[in-house]
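Naming: A, B, ... by sequence-line order, numbering from 1 per chain. Everything numeric in this text was worked out from a predicted model, so none of it was measured. No hydrogens, no waters, no symmetry mates; every other heavy atom, side chains included, goes into these values.
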Amino acid sequence: MLLRMSNLFVRTLREVPADAELPGHRALLRAGYVRPAGSGVHSWLPLGYRVLRNVERIIREEMDAMGAQEVHFPALLPREPYERSGRWDDYGDNLFRLKDRRGNDHLLAPTHEEMFTLLVKDLYGSYRDLPLSIYQIQTKYRDEARPRAGLLRSREFLMKDSYSFDVDDAGLEASYQAHRAAYVRTFDRLRLDYVVVSAMSGAMGGSGSEEFLCPTPVGEDTYVRSPGGYAANAEAVVTPVPEPVPYDDVPEAHVEDTPDTPTIETLVAFANEHFPRPDRAWDAADTLKNVVVMVHHPDGTHEPLVIGVPGDRDVDPRRLAAQLEPSEVAPFTDEDFERDPGLTKGYLGPQVLGKGSATGIRYLVDPRIVEGTRWVTGANEHGHHVFDLVCGRDFTPDGTIEAAEVRDGDPAPDGSGPLELARGIEIGHIFQLGRKYAEALDLQVQDEHGELVTVTMGSYGIGVSRAVAAIAETTVDDLGLCWPRVVAPADVHLVVAGKSDDIVAGAERLTAELVDAGVRVLLDDRSKERPGVKFKDAELIGVPTIVVVGRGLAEGTIEVKDRRTGAREDVALADAVEHLRRLTMTG
RNA sequence: CGGGAUGUAGCGCAGCUUGGUUAGCGCGCCUCGUUCGGGACGAGGAGGCCGGCGGUUCGAAUCCGCCCAUCCCGACCA
């Protein structure tokens with residue numbers, strides 16, 4: 001393989017396009033790998049398209065190796081199957097919808113569960129046909145409310161999605177594990193750093209859903225990890241439950257005047273001024289914060305819900321939403337407060353909350369709020385708070401909920417040490433779907449007794465274009481891109497540093513020999529460019545090995561430089577092909 | 001969808017406050033010459049509906065209104 005800079009369709013930019021924020025995305029633009037074509041959509045130039053296809057190829061090889069078979073669906077789909085699964089409505093504004101000339105509804109698929117399910121239903125009807133794993137590499141569309149971060153959150157993107165079909169749970173588990181292992185191999189080969197985090201919370205548990213996150217500060221997902229190896233999406237972190245606390249010596253709860261203290265901050269300041277205690281100052285952790293939300297259920301009904309958390313923590317809306325799925329959470333508005341006179345905004349306390357209480361409103365608390373813990377909290381009267389309110393003595397919550405924010409230093413649920421918050425890019429997601437789509441679309445097979453059983457499914461995704469972006473973001477340096485060899489657009493970037501006939505002829509000869517030896521070469525044979533420009537471009541483009549044929553040639557040597565480490569060595573021309581061939585074999 | 005910012009040559013920007021001949025600078029691009037191992041220099045060029053529409057005015061890149069687009073923060077993101 002040989003690419004010549006003299007005719008390669010590329011233009012490197014010395015200056016950075018103003019719209020690009022992330023370092024990797026900037027380098028991709030500057031090096032001429034991609035061009036923005038609109039908000040959240042990109043065109044791929046020859047260099048970028050090579051990288052994309054390399055990533056695609058590795059994913060395809062690993063999927064094939066685990067026994068999955070490649071298929072290809074349309075990106076443009078009719079409404080009907082999505083109507084049947086409920087997603088025409090459920091997907092909301094993120095679904096690209098369009099009408100054809102006859103006025104029929106269509107969509108640009110954001111993912112293809114329905115089509116895979118229907119195709120299997122179309123062809124298969126026996127347990128003997130299963131298990132089956134099929135996949136595609138396909139352009140997906142999501143009308144993101146806010147596309148951002150270049151290739152990381154775009155409206156059109158390339159995705160590998162696969163689906164497994166099994167007759168029973170054990171089969172699904174096996175298919176899931178096979179995919180998981182294939183993903184591990186895939187990301188290892190791509191040289192992508194990753195952590196596997198459980199993506200669903202306690203109740204669903206186990207291996208139901210895991211995300212592969214590429215750790216980087218530019219990532220959008222927050223996860224936690226511990227020194228002992230625990231890792232989880234922040235939404236899935238389970239809070240260790242403390243032991244109950246004895247409270248025999250806690251005085252009776254007593255209401256105090258606390259005017260103008262509607263926030264935790266004002267309350268703590270007031271308590272320290274007017275009710276100082278001898279041993280230590282009051283702080284936010286002594287208070288119980290009660291947050292009201294409105295929960296909208298899928299059946300169209302809605303109810304208020306109060307969440308109690310220690311006052312030094314906020315409710316994490318994403319954790320809360322994950323807990324209440326499939327119901328949706330909305331803020332509790334001033335109008336809602338007017339309709340519910342039992343709730344005193346800013347001075348809400350648990351005495352009037354819970355099933356069987358004055359309001360009857362459901363009251364769930366953070367797991368740290370165990371029996372015997374004592375709190376300063378609202379007295380349900382404007383300008384008043386209650387002190388020494390003991391959980392289990394003075395109030396009883398309806399249950400606990402994992403809704404409080406997770407913080408650096410919180411203990412890991414498995415006792416493996418303090419948690420550290422980190423950010424990552426979601427590059428893969430594996431998911432035991434179960435029978436949701438099979439039921440909605442009536443996918444059944446006959447088992448060995450001739451009984452019809454509903455098939456159980458898994459779905460597994462890898463963001464292909466996102467993986468390219470993740471590699472760029474995690475390998476870019478001050479000089480430019482820095483590709484792992486497996487995905488790089490070439491093995492060797494050969495710079496012709498000089499215009500003499502000897503140098504040009506020597507470079508051409510070496511190039512021809514390298515190509516013959518199976519080395520992929522990007523040859524900078526531009527006669528108009530001075531060496532300095534070529535060196536800068538080579539570093540920007542990020543091919544892993546840079547070879548300079550220039551002034552050393554007179555002594556029979558060329559220069560070989562490692563793009564990542566910057567280490568350079570002179571190699572005798574006679575040994576050059578073998579040296580480079582070996583380099584490219586070892587990666 | 002809320003908040004903020006920005007639209008002037010392929011890219012990066014100035015000009016706009018205080019309206020007035022031909023709209024400027026750097027990079028890139030074309031031609032010629034000198035240069036030639038770390039983004040050279042000189043000379044000469046090409047390239048613009050100043051985001052769009054409407055208004056004010058003798059006159060609008062500049063002032064006003066509406067719209068559109070892009071980016072950032074947030075909401076959102078199986």
Starting at atom [atom1] of [X], determine the distance to atom [atom2] of [N], rounded to an integer number of angstrom.
| X | N | atom1 | atom2 | result |
| --- | --- | --- | --- | --- |
| A:Leu433 | B:A78 | CG | P | 13 Å |
| A:Glu21 | B:U6 | CD | C1' | 13 Å |
| A:Leu95 | B:C76 | CG | P | 19 Å |

Ignoring the backbone of [X], work out which of [options] is nearest its side chain.
| X | options | value |
| --- | --- | --- |
| A:Glu144 | B:C77, B:A78, B:U35 | B:C77 |
| A:Val533 | B:A78, B:C11, B:G39 | B:G39 |
| A:Ala145 | B:C1, B:A78, B:G38 | B:C1 |
| A:Pro17 | B:C29, B:C11, B:G38 | B:C11 |
| A:Arg148 | B:C29, B:G39, B:C72 | B:C72 |
| A:Arg142 | B:U35, B:A78, B:G37 | B:A78 |
| A:Arg551 | B:U35, B:G37, B:G38 | B:G37 |
| A:Arg35 | B:C36, B:C11, B:G28 | B:C11 |

Check if the side chain of [X] and the base of [N] share a donor-acceptor pair of N or O atoms closer than 3.5 Å.
| X | N | result |
| --- | --- | --- |
| A:Arg568 | B:G38 | yes |
| A:Glu15 | B:G26 | yes |
| A:Glu529 | B:G39 | no |
| A:Arg153 | B:C77 | yes |

Once you apply the 3.5 Å cut-off to both distances, tell me the Watson-Crick or G-U wobble partner of [N], or none.
| N | result |
| --- | --- |
| B:G42 | B:C32 |
| B:G37 | none |
| B:G65 | B:C53 |
| B:C13 | B:G24 |
| B:U18 | none |

Using a heavy-atom cut-off of 4.0 Å across all strands, would you classify [X] as base, sugar-phosphate, or nothing?
| X | answer |
| --- | --- |
| A:Gly150 | nothing |
| A:Asp537 | base |
| A:Ala497 | base |
| A:Ala149 | sugar-phosphate |
| A:Arg155 | nothing |
| A:Thr111 | base |
| A:Val495 | nothing |

Quick note, side chain to side chain donor-acceptor pair (under 3.5 Å) partners involving residues 460-472 of chain A, not counting sequence neighbours, are A:Ser164-A:Tyr460

Pairwise [atom1] distance for [N] and [M], with rounding to whole Å:
| N | M | atom1 | answer |
| --- | --- | --- | --- |
| B:G4 | B:A23 | P | 35 Å |
| B:C73 | B:U35 | C1' | 50 Å |
| B:U8 | B:G3 | C1' | 27 Å |
| B:C16 | B:U6 | P | 15 Å |
| B:G15 | B:G55 | P | 29 Å |

[X] side-chain N/O to [N] phosphate OP1/OP2 under 4.0 Å:
| X | N | answer |
| --- | --- | --- |
| A:Arg146 | B:C73 | yes |
| A:Arg14 | B:G28 | yes |
| A:Ser39 | B:C71 | yes |

For A:Arg435, check salt bridge (Lys or Arg N to Asp or Glu O under 4.0 Å) against everything at least two apart and list the hits.
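If we apply the salt bridge (Lys or Arg N to Asp or Glu O under 4.0 Å) test to A:Arg435, skipping adjacent residues, the hits are A:Asp169.
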
SB check [X] [Y] (cutoff 4.0 Å):
| X | Y | answer |
| --- | --- | --- |
| A:Glu405 | A:Arg313 | no |
| A:Lys536 | A:Glu529 | no |
| A:Arg148 | A:Glu220 | yes |

Does atom CG (A:Asp478) have a neighbourhood of more than 12 heavy atoms from anything else shown, all under 6.0 Å?
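No, the 6.0 Å shell around CG holds no more than 12 heavy atoms from other groups.
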
Assess whether atom CG of A:Asp89 is packed by more than 12 heavy atoms of other residues, nucleotides or ligands within 6.0 Å.
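Correct, the count exceeds 12.
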
